[in-house]
Protein chains: 2
Amino acid sequence: MRTKPTLVEVAALAGVSKMTASRALRGASDVSERNIEKVLRASEEIGYVTNHLATSLSSQTTNLIGVVVPSLSNVVFAEVLAGISDAIQESGKQPVFGVSNYNAEVETGIIRDMLSWRPSGMIVTGLEQTEQSRKLLEGAGIPVAQIMDVDGDAIDINVGLSHVDAGREMARTLLNLGRSRFAYVGSALDNDVRAQKRMQGFCEELSRENLSLVESRTDEGFSSLPMGRELTADILRSGAKIDAIYYSNDDMAAGGLFAAMSAGVDVPGQLLLAGFNGLEFLEGLPVRLATARSPRRQIGAEATRILLEAMKQPLSRDERSLVFRPEIDLGDSIS
Amino acid sequence: MRTKPTLVEVAALAGVSKMTASRALRGASDVSERNIEKVLRASEEIGYVTNHLATSLSSQTTNLIGVVVPSLSNVVFAEVLAGISDAIQESGKQPVFGVSNYNAEVETGIIRDMLSWRPSGMIVTGLEQTEQSRKLLEGAGIPVAQIMDVDGDAIDINVGLSHVDAGREMARTLLNLGRSRFAYVGSALDNDVRAQKRMQGFCEELSRENLSLVESRTDEGFSSLPMGRELTADILRSGAKIDAIYYSNDDMAAGGLFAAMSAGVDVPGQLLLAGFNGLEFLEGLPVRLATARSPRRQIGAEATRILLEAMKQPLSRDERSLVFRPEIDLGDSIS
DNA sequence: ACTGGTATCGATACCGGTACCGATACCAGT
DNA sequence: ACTGGTATCGGTACCGGTATCGATACCAGT
């Protein structure tokens with residue numbers, strides 16, 4: 001298992017200097033057709049694969065864009081990544097993913113690791129980074145996009161939606177539908193800052209009507225359908241008189257639906273269930289629950305677009321931020 | 001926004017040579033306590049971040065491990081990645097993810113890109129790569145692990161399970177439960193080779209009893225809960241007399257459950273539904289469907305473990321492969 | 001005093017590319 | 001013939017680290 005072929009070997013085989021070989025492989029000008037041909041053939045023959053380490057070190061630029069998300073088991077971020085991949089296509093850049101598991105310290109480590117590869121841009125999730133993370137990102141001298149959330153101060157580029165507003169808006173909508181006795185079901189509030197903000201906004205809006213949550217259930221661990229089912233079942237067993245439940249997200253809400261079904265509670269008639277995200281799988285459920293559709297794919301794509309632009313030229317304050325509004329979908333809860 | 005500080009600047013500030021600074025930062029020996037102290041302080045002061053491009057180029061080794069999976073919106077691979085991350089911890093290595101979208105040509109491009117960063121190991125999904133991918137991987141001179149599937153010829157390391165056997169075993173189990181009129185519901189067979197293998201195994205086992213599928217529905221696009229619901233509804237509408245449906249995976253099966261529920265069909269009494277994967281969310285559904293639990297997190301972890309070992313020393317043929325057996329879980333279908 | 005060993009450091013040569021600039025060849029124009 | 005321009009190449013100096021080896025200082029042992 002010998003070492004991988006280098007550019008000089010390609011050049012030697014093609015009978016040219018390594019500079020000419022370099023130019024030919026990069027499709028640069030200043031090379032004759034004949035030599036391009038020869039170099040390409042030589043490269044093919046010995047199975048040459050360019051060494052990006054050397055390329056990047058030499059040219060002082062990389063085609064890397066670092067992306068940090070809190071989780072992959074959450075479809076939401078998978079779609080954000082898909083949006084990023086889409087937008088990055090054709091740019092010659094290449095995304096590199098990191099997962100923080102909703103842990104800010106882990107995130108700092110990941111950011112440090114990524115920066116050591118000298119990416120030409122960074123995309124991180126949310127606005128709540130550790131002090132150290134912010135310092136690292138600010139000192140990196142590259143465009144940085146913070147996505148998903150806009151409730152707070154951004155370092156540079158900011159694309160997302162206000163989760164406080166999203167919670168508020170859902171509360172307002174449910175109030176308008178005549179609901180008045182609310183419960184909240186969520187999970188691991190410490191970790192998922194955005195879910196927390198939604199609940200906060202939800203409660204704020206309730207208090208404007210002098211209302212507050214009748215019941216609330218949360219649990220350790222990551223949100224999931226079974227957890228939503230269990231917590232909801234617990235509320236139903238308690239006999240609390242409620243007519244709507246706001247969930248931290250759609251998975252939890254779906255679990256709630258099944259808890260209600262097995263308890264013989266009519267959804268949405270007796271009990272309205274509302275989630276967040278607008279995931280596709282909701283459409284397959286027996287009852288179409290209320291939700292707020294977040295444009296996650298778009299967020300990924302637009303953030304990337306702005307980031308790529310910022311890599312070419314400095315952007316104005318306005319150009320550096322983009323706020324989406326979640327679209328509320330009441331599903332079968334409207335009538 | 002000046003350029004990032006380099007090692008020489010740290011060394012200058014600390015009043016030592018860059019070699020001493022390099023050694024100090026790497027925690028190597030041959031440096032006095034006093035100088036280690038000085039270098040660390042200097043590094044901290046100017047916010048030095050090591051340049052992995054230079055490190056790797058110079059030392060001719062990277063701490064990168066390339067990982068290619070077909071999809072991220074599928075929780076299965078998110079869990080595989082989690083397993084990989086776990087096992088890679090403490091090794092000093094760092095995983096880099098790529099997503100092929102179930103497209104072999106895309107995968108080849110990703111593999112080429114990754115190899116250009118000279119990773120010290122690669123993990124790819126499945127055994128069906130393009131000829132070019134295989135050549136690239138074989139010529140890379142690094143350990144390569146193919147995961148999830150063991151039905152075929154592996155390049156180097158192979159960790160996973162036999163999907164043909166998994167399909168066969170599920171068929172056998174359902175037959176033993178007295179079912180005899182089967183349908184299959186899947187999606188995009190061309191793309192998901194492993195689902196195809198499961199169906200193939202399933203059919204093979206049926207034919208041993210001189211049986212074959214009564215009905216079969218597939219559709220373009222990626223498998224999803226709504227798709228499972230729709231295709232199942234279609235079968236039910238057709239009035240075909242069946243007593244069991246085998247799905248390409250759990251998501252599709254869950255969709256099938258809801259189709260059955262809204263058609264008033266008793267599951268699993270009249271109609272047994274079986275999926276694949278053993279995803280967590282099944283536990284929250286109104287009926288616990290049959291499934292085969294695949295040890296995806298373990299597969300990721302074990303593949304990584306073997307890969308890391310192979311990077312230290314050559315492994316024997318036996319040590320290079322690991323076959324798991326899926327555990328069939330009949331849920332409520334047993335009685 | 002001399003020798004050998006240990007601990008600590010620095011100079012130098014790379015790693016595999018690219019940027020930059022100078023060299024060469026050839027041709028048209030005068 | 002001479003000049004200037006264009007097309008095409010190659011030499012050299014880096015990029016920012018690490019490997020390697022030699023230099024130095026200091027100490028114990030005889």
Side-chain angles (χ1 to χ4, degrees), chain A residues 2-40 42-43 46-64 92 113 115-120 140-141, chain B residues 2-40 42-43 46-64 92 113 115-120 140-141:
Chain A
R2 77 233 163 285
T3 172
K4 297 217 70 169
T6 70
L7 188 59
V8 280
E9 302 175 37
V10 175
L13 184 57
V16 298
S17 77
K18 70 170 182 170
M19 270 315 302
T20 301
S22 168
R23 282 192 273 250
L25 289 176
R26 276 180 296 158
S29 58
D30 277 16
V31 191
S32 64
E33 287 295 337
R34 211 172 53 92
N35 275 341
I36 291 182
E37 185 83 11
K38 284 202 292 186
V39 170
L40 256 38
S43 161
I46 63 180
Y48 173 72
V49 176
T50 192
N51 187 332
H52 256 109
L53 296 170
T55 301
S56 301
L57 179 61
S58 169
S59 64
Q60 294 289 77
T61 68
T62 62
N63 64 347
L64 264 32
D113 279 345
L115 289 181
S116 75
W117 291 101
R118 300 293 188 267
S120 46
Chain B
R2 78 231 167 285
T3 172
K4 298 215 66 167
T6 71
L7 188 60
V8 280
E9 303 175 38
V10 175
L13 184 57
V16 299
S17 77
K18 68 170 182 170
M19 268 317 302
T20 302
S22 169
R23 282 192 271 251
L25 289 176
R26 277 181 294 159
S29 58
D30 277 16
V31 190
S32 64
E33 286 296 335
R34 210 172 54 92
N35 277 340
I36 290 182
E37 185 84 9
K38 284 202 292 186
V39 170
L40 257 38
S43 161
I46 63 181
Y48 173 72
V49 177
T50 192
N51 187 333
H52 255 109
L53 296 170
T55 301
S56 301
L57 179 61
S58 169
S59 64
Q60 294 289 78
T61 67
T62 62
N63 64 346
L64 264 32
D113 279 345
L115 289 181
S116 76
W117 291 101
R118 301 291 187 268
S120 46

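Order of the sequence lines fixes the chain letters, A, B, ..., with proteins taken first and strands second; residue numbering starts at 1 for each chain. What you are looking at is a predicted structure, and each value in this text was computed from that prediction instead of being measured.
In this structure, the separation between CG on B:Leu64 and CG on B:Leu115 is 11.0 Å, given to the nearest 0.5 Å. Here the OG1 atom belonging to A:Thr20 is positioned 10.5 Å from the CG atom belonging to A:Leu25, to the nearest 0.5 angstrom. Atom OG1 of A:Thr61 sits about 13.0 Å away from atom CZ of A:Arg118, to the nearest 0.5 Å. If you take CD1 on B:Ile46 and NZ on B:Lys4, they are separated by 10.5 Å, rounding to the nearest 0.5 Å. A distance of 9.0 Å separates OG of B:Ser59 from CG of A:Leu53, quoted to the nearest 0.5 Å. B:Ile36 contributes atom CD1, which lies 12.0 Å from atom NZ of B:Lys38 (distance to the nearest 0.5 angstrom).
At a threshold of 4.0 angstrom between heavy atoms, the contacts of A:Asn51 are confined to the sugar-phosphate backbone, with no base atom among them.
Looking only at distances, a side-chain donor or acceptor of B:Ser120 sits under 3.5 Å from a matching main-chain atom of B:Thr62.
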*Does the pair A:Arg23 and A:Val39 meet the rule for a side chain to side chain contact (heavy atoms under 4.5 Å, CB included), with working shown?*
CA-CA 10 Å; A:Arg23 282 192 273 250; A:Val39 170; over 6 Å; no
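Every stem involving DNA chain C, taken as at least 3 paired positions in a row under the Watson-Crick or G-U wobble test at 3.5 Å, is listed here: C:1-30 with D:1-30.
Between B:Trp117 and A:Trp117, the two ring planes are perpendicular [angle over 60°; tilted spans 30° to 60°].
Each of B:Gln60 and B:Glu33 was assigned the nucleotide of DNA chain C with the nearest heavy atom; the assignment lying further toward the 5' end belongs to B:Glu33. DNA chain C is contacted by both B:Leu57 and B:Ser32; B:Ser32 maps to the nucleotide lying nearer its 5′ end (nearest heavy atom per residue).
Contacts between residues 15-23 of chain A and DNA chain C, counted as heavy-atom distances below 4.0 Å, involve A:Lys18, A:Met19, A:Ser22, A:Arg23.
Contact annotation: the side chain of B:Lys18 never approaches that of B:Thr6 to less than 4.5 Å [non-hydrogen atoms, C-beta and beyond].
Nucleotides of DNA chain D with any atom under 4.0 Å from a heavy atom of chain B span, from 5' to 3', D:dG16 to D:dT20.
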